[in-house]
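Below: one structure, written as C-alpha coordinates.
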Amino acid sequence: MPTVTSDEYRDLIGRFASGVTVVTTLCEGIPYGTTASSLTSVSLTPPLLLVCMNRSSATGRAIAASRHFAVNVLAEHQAELSHHFARQGSTFDGHPFRPGDRGAPVLPDALATFECRVTDEVVAGTHVVIVGEVERAGGRAGLPLAYFRGRFGRLSVSNISTD
Ligand SMILES: Cc1cc2nc3c(=O)[nH]c(=O)nc-3n(C[C@H](O)[C@H](O)[C@H](O)COP(=O)(O)O)c2cc1C
(Lines give C-alpha, C1' and ligand atoms only; values in the text may rest on other atoms or scores of the structure.)
Protein backbone atom coordinates (compact mmCIF):
# COMPACT_ATOMS: atom_id res chain seq x y z
CA MET A 1 0.00 0.00 0.00
CA PRO A 2 1.30 3.52 -0.73
CA THR A 3 2.57 5.31 2.36
CA VAL A 4 2.23 8.71 0.70
CA THR A 5 -1.15 10.45 0.68
CA SER A 6 -2.31 12.24 -2.47
CA ASP A 7 -1.95 15.59 -0.67
CA GLU A 8 1.65 14.78 0.31
CA TYR A 9 2.42 13.60 -3.20
CA ARG A 10 0.92 16.74 -4.78
CA ASP A 11 2.93 18.95 -2.42
CA LEU A 12 6.22 17.12 -2.99
CA ILE A 13 5.96 16.53 -6.74
CA GLY A 14 5.11 20.24 -7.09
CA ARG A 15 8.69 20.97 -6.02
CA PHE A 16 9.84 19.62 -9.35
CA ALA A 17 9.86 22.89 -11.31
CA SER A 18 8.65 22.80 -14.88
CA GLY A 19 7.74 24.94 -17.81
CA VAL A 20 4.16 25.38 -18.99
CA THR A 21 2.68 24.42 -22.35
CA VAL A 22 -0.61 24.61 -24.17
CA VAL A 23 -1.32 21.27 -25.86
CA THR A 24 -3.67 21.61 -28.84
CA THR A 25 -5.35 19.56 -31.51
CA LEU A 26 -7.92 19.88 -34.27
CA CYS A 27 -10.67 17.28 -34.22
CA GLU A 28 -13.63 17.26 -36.61
CA GLY A 29 -12.94 20.91 -37.44
CA ILE A 30 -12.90 22.06 -33.80
CA PRO A 31 -9.70 23.42 -32.19
CA TYR A 32 -8.97 22.21 -28.65
CA GLY A 33 -6.38 23.42 -26.17
CA THR A 34 -5.37 22.75 -22.59
CA THR A 35 -2.64 23.92 -20.26
CA ALA A 36 -0.18 21.12 -19.49
CA SER A 37 3.07 20.93 -17.54
CA SER A 38 3.63 17.21 -18.07
CA LEU A 39 5.80 17.58 -21.18
CA THR A 40 8.81 15.27 -21.20
CA SER A 41 11.31 14.61 -23.93
CA VAL A 42 11.54 10.88 -24.62
CA SER A 43 13.98 10.36 -27.49
CA LEU A 44 16.15 12.41 -29.86
CA THR A 45 16.34 9.92 -32.74
CA PRO A 46 13.56 9.56 -33.54
CA PRO A 47 12.36 12.80 -31.91
CA LEU A 48 9.70 11.68 -29.41
CA LEU A 49 8.00 13.51 -26.56
CA LEU A 50 5.19 12.69 -24.16
CA VAL A 51 2.41 14.53 -22.41
CA CYS A 52 0.13 13.10 -19.71
CA MET A 53 -3.51 14.01 -20.19
CA ASN A 54 -6.22 13.50 -17.62
CA ARG A 55 -8.77 11.01 -18.91
CA SER A 56 -11.44 13.66 -18.27
CA SER A 57 -9.73 16.20 -20.55
CA ALA A 58 -11.72 17.10 -23.64
CA THR A 59 -8.43 17.93 -25.36
CA GLY A 60 -6.99 14.53 -24.44
CA ARG A 61 -10.02 12.77 -25.87
CA ALA A 62 -9.80 14.89 -29.04
CA ILE A 63 -6.12 13.93 -29.43
CA ALA A 64 -7.04 10.26 -29.07
CA ALA A 65 -9.44 10.72 -31.98
CA SER A 66 -7.40 13.03 -34.23
CA ARG A 67 -4.09 11.20 -33.68
CA HIS A 68 -2.12 14.43 -33.80
CA PHE A 69 -1.35 17.36 -31.51
CA ALA A 70 0.86 20.38 -31.02
CA VAL A 71 2.75 21.39 -27.88
CA ASN A 72 3.26 25.15 -27.44
CA VAL A 73 5.90 26.02 -24.83
CA LEU A 74 4.84 29.29 -23.19
CA ALA A 75 7.10 32.28 -22.80
CA GLU A 76 7.26 34.21 -19.52
CA HIS A 77 4.79 36.87 -20.68
CA GLN A 78 2.10 34.26 -21.54
CA ALA A 79 0.72 33.47 -18.06
CA GLU A 80 -2.72 34.68 -19.13
CA LEU A 81 -2.81 31.94 -21.78
CA SER A 82 -1.98 29.30 -19.20
CA HIS A 83 -4.86 30.50 -16.99
CA HIS A 84 -7.25 30.61 -19.93
CA PHE A 85 -6.48 27.11 -21.22
CA ALA A 86 -6.57 25.63 -17.70
CA ARG A 87 -10.36 26.11 -17.78
CA GLN A 88 -12.26 23.07 -18.94
CA GLY A 89 -13.63 23.49 -22.44
CA SER A 90 -11.87 26.81 -23.08
CA THR A 91 -12.10 28.03 -26.66
CA PHE A 92 -9.69 29.96 -28.88
CA ASP A 93 -12.07 32.93 -29.14
CA GLY A 94 -9.92 36.04 -28.81
CA HIS A 95 -6.75 33.95 -28.81
CA PRO A 96 -5.07 34.07 -32.21
CA PHE A 97 -3.37 31.01 -33.64
CA ARG A 98 -2.33 29.59 -36.95
CA PRO A 99 -3.12 26.03 -37.95
CA GLY A 100 -0.14 23.70 -38.00
CA ASP A 101 0.45 21.25 -40.84
CA ARG A 102 -2.30 18.93 -39.55
CA GLY A 103 -4.46 21.74 -38.20
CA ALA A 104 -3.46 21.72 -34.52
CA PRO A 105 -3.34 25.33 -33.29
CA VAL A 106 0.12 26.89 -33.13
CA LEU A 107 0.27 29.90 -30.80
CA PRO A 108 2.19 32.99 -31.87
CA ASP A 109 4.96 34.02 -29.48
CA ALA A 110 5.35 30.51 -28.01
CA LEU A 111 9.00 29.82 -27.16
CA ALA A 112 8.82 26.53 -29.04
CA THR A 113 6.15 24.55 -30.83
CA PHE A 114 6.23 20.83 -31.60
CA GLU A 115 3.74 19.33 -34.04
CA CYS A 116 3.37 15.61 -33.41
CA ARG A 117 1.61 12.48 -34.52
CA VAL A 118 0.51 10.06 -31.81
CA THR A 119 2.65 6.92 -31.73
CA ASP A 120 1.66 5.40 -28.37
CA GLU A 121 -0.91 5.80 -25.61
CA VAL A 122 -0.64 4.20 -22.18
CA VAL A 123 -3.38 4.48 -19.57
CA ALA A 124 -1.81 5.18 -16.18
CA GLY A 125 -4.08 5.89 -13.22
CA THR A 126 -6.21 8.96 -13.90
CA HIS A 127 -4.16 9.91 -16.96
CA VAL A 128 -3.21 8.77 -20.43
CA VAL A 129 0.46 9.02 -21.38
CA ILE A 130 0.49 10.20 -25.00
CA VAL A 131 3.72 9.73 -26.91
CA GLY A 132 4.17 11.76 -30.07
CA GLU A 133 6.71 11.80 -32.85
CA VAL A 134 7.72 15.36 -33.66
CA GLU A 135 6.99 16.05 -37.34
CA ARG A 136 7.65 19.79 -37.31
CA ALA A 137 9.14 22.15 -34.76
CA GLY A 138 9.91 25.82 -34.47
CA GLY A 139 10.82 28.41 -31.90
CA ARG A 140 11.86 31.91 -31.02
CA ALA A 141 14.12 33.67 -28.56
CA GLY A 142 12.95 34.35 -25.02
CA LEU A 143 12.61 32.99 -21.51
CA PRO A 144 10.03 30.44 -20.31
CA LEU A 145 7.02 30.72 -18.08
CA ALA A 146 7.94 28.66 -15.02
CA TYR A 147 5.67 26.63 -12.70
CA PHE A 148 6.63 25.68 -9.14
CA ARG A 149 4.48 24.55 -6.21
CA GLY A 150 1.28 25.71 -7.90
CA ARG A 151 2.59 29.14 -8.80
CA PHE A 152 3.74 30.75 -12.01
CA GLY A 153 6.98 32.66 -12.14
CA ARG A 154 10.09 33.54 -14.02
CA LEU A 155 13.21 31.48 -14.39
CA SER A 156 16.25 33.17 -12.95
CA VAL A 157 19.19 32.41 -15.19
CA SER A 158 22.72 33.68 -15.47
CA ASN A 159 25.20 33.61 -18.33
CA ILE A 160 22.72 31.95 -20.61
CA SER A 161 21.71 32.87 -24.13
CA THR A 162 18.00 33.39 -24.66
CA ASP A 163 18.28 32.71 -28.41
C1 LIG B 1 0.16 24.75 -14.69
C2 LIG B 1 -0.85 23.69 -15.06
C3 LIG B 1 -0.42 22.49 -15.59
C4 LIG B 1 -1.33 21.50 -15.96
N5 LIG B 1 -0.86 20.33 -16.51
C6 LIG B 1 -1.74 19.39 -16.92
C7 LIG B 1 -1.26 18.20 -17.55
O8 LIG B 1 -0.07 18.01 -17.75
N9 LIG B 1 -2.18 17.28 -17.94
C10 LIG B 1 -3.53 17.47 -17.75
O11 LIG B 1 -4.32 16.58 -18.12
N12 LIG B 1 -4.01 18.60 -17.16
C13 LIG B 1 -3.15 19.55 -16.75
N14 LIG B 1 -3.62 20.71 -16.18
C15 LIG B 1 -5.05 20.87 -15.98
C16 LIG B 1 -5.82 21.20 -17.28
O17 LIG B 1 -5.30 22.37 -17.90
C18 LIG B 1 -7.32 21.43 -16.94
O19 LIG B 1 -7.84 20.26 -16.33
C20 LIG B 1 -8.19 21.83 -18.12
O21 LIG B 1 -9.41 22.32 -17.60
C22 LIG B 1 -8.52 20.71 -19.09
O23 LIG B 1 -9.30 21.27 -20.13
P24 LIG B 1 -10.04 20.39 -21.24
O25 LIG B 1 -10.94 19.38 -20.53
O26 LIG B 1 -10.85 21.41 -22.02
O27 LIG B 1 -9.00 19.73 -22.08
C28 LIG B 1 -2.72 21.71 -15.81
C29 LIG B 1 -3.17 22.94 -15.28
C30 LIG B 1 -2.25 23.93 -14.92
C31 LIG B 1 -2.74 25.24 -14.38
Side-chain angles (χ1 to χ4, degrees), residues 4 6-43 47-97 99-100 102-107 109-134 137 142-156:
V4 180
S6 55
D7 283 347
E8 287 170 331
Y9 179 62
R10 182 186 294 111
D11 175 53
L12 293 168
I13 201 68
R15 299 175 193 206
F16 184 63
S18 71
V20 185
T21 77
V22 175
V23 175
T24 66
T25 194
L26 182 75
C27 185
E28 297 181 356
I30 300 170
Y32 292 81
T34 190
T35 301
S37 58
S38 56
L39 173 66
T40 299
S41 176
V42 174
S43 162
L48 299 174
L49 56 74
L50 70 78
V51 289
C52 303
M53 303 300 297
N54 195 300
R55 287 155 70 184
S56 68
S57 165
T59 307
R61 285 198 293 265
I63 292 170
S66 70
R67 315 306 296 168
H68 64 82
F69 61 100
V71 182
N72 297 275
V73 178
L74 297 185
E76 62 180 3
H77 67 280
Q78 293 182 304
E80 192 278 328
L81 278 179
S82 67
H83 292 302
H84 175 75
F85 285 104
R87 291 183 208 113
Q88 183 121 38
S90 49
T91 70
F92 283 81
D93 293 353
H95 294 277
F97 66 91
R102 293 176 185 259
V106 170
L107 301 177
D109 292 344
L111 266 195
T113 299
F114 305 96
E115 295 175 50
C116 308
R117 75 175 176 88
V118 175
T119 61
D120 290 285
E121 291 163 287
V122 179
V123 175
T126 53
H127 282 60
V128 182
V129 180
I130 300 173
V131 180
E133 179 165 24
V134 179
L143 288 169
L145 181 63
Y147 189 62
F148 177 67
R149 300 194 76 182
R151 290 168 171 243
F152 297 96
R154 293 180 176 184
L155 189 67
S156 175

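Fair warning: this is a prediction, and the values are worked out from it, not measured in the lab. What's counted below: heavy atoms across the whole structure, side chains too, no hydrogens, waters or symmetry copies. In listed order, ligands and their atoms are each counted from 1.
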Worksheet entry | Nearest neighbour of atom 4 (C) of ligand 1 from the list Thr35, Val128, Val23, on a heavy-atom basis | Thr35

Worksheet item: Who's closest to atom 26 (O) of ligand 1 heavy-atom-wise, of Ala58, Gly89, Ser90?
Response: Gly89

Looking only at N/O atoms, are [X] and ligand 1 under 3.5 Å apart anywhere?
X      : result
Gly33  : no
Ser57  : yes
Tyr147 : no
Val20  : no

Any side-chain heavy atom of [X] sitting closer than 4.5 Å to one from [Y]?
X      : Y     : value
Gln78  : His84 : no
His95  : Leu81 : yes
Cys116 : Leu49 : yes

Using a 4.0 Å heavy-atom threshold (strictly under), name the region of [X] that reaches ligand 1: side chain, backbone, both or neither.
X     : answer
Phe85 : backbone
His83 : neither
Cys52 : backbone

Worksheet entry | Output field: ring centroids Phe85/Phe92 closer than 6.0 Å | yes

Discussion item. Using modelled atom types and a 3.5 Å cut-off, is there a donor and acceptor pairing between side-chain atoms of Arg149 and backbone atoms of Ala17?
Written reply: no

Discussion item. Taking CZ in Arg15 as the centre, count heavy atoms belonging to other residues, nucleotides or ligands within less than 6.0 Å. Is the count above 12?
Written reply: yes

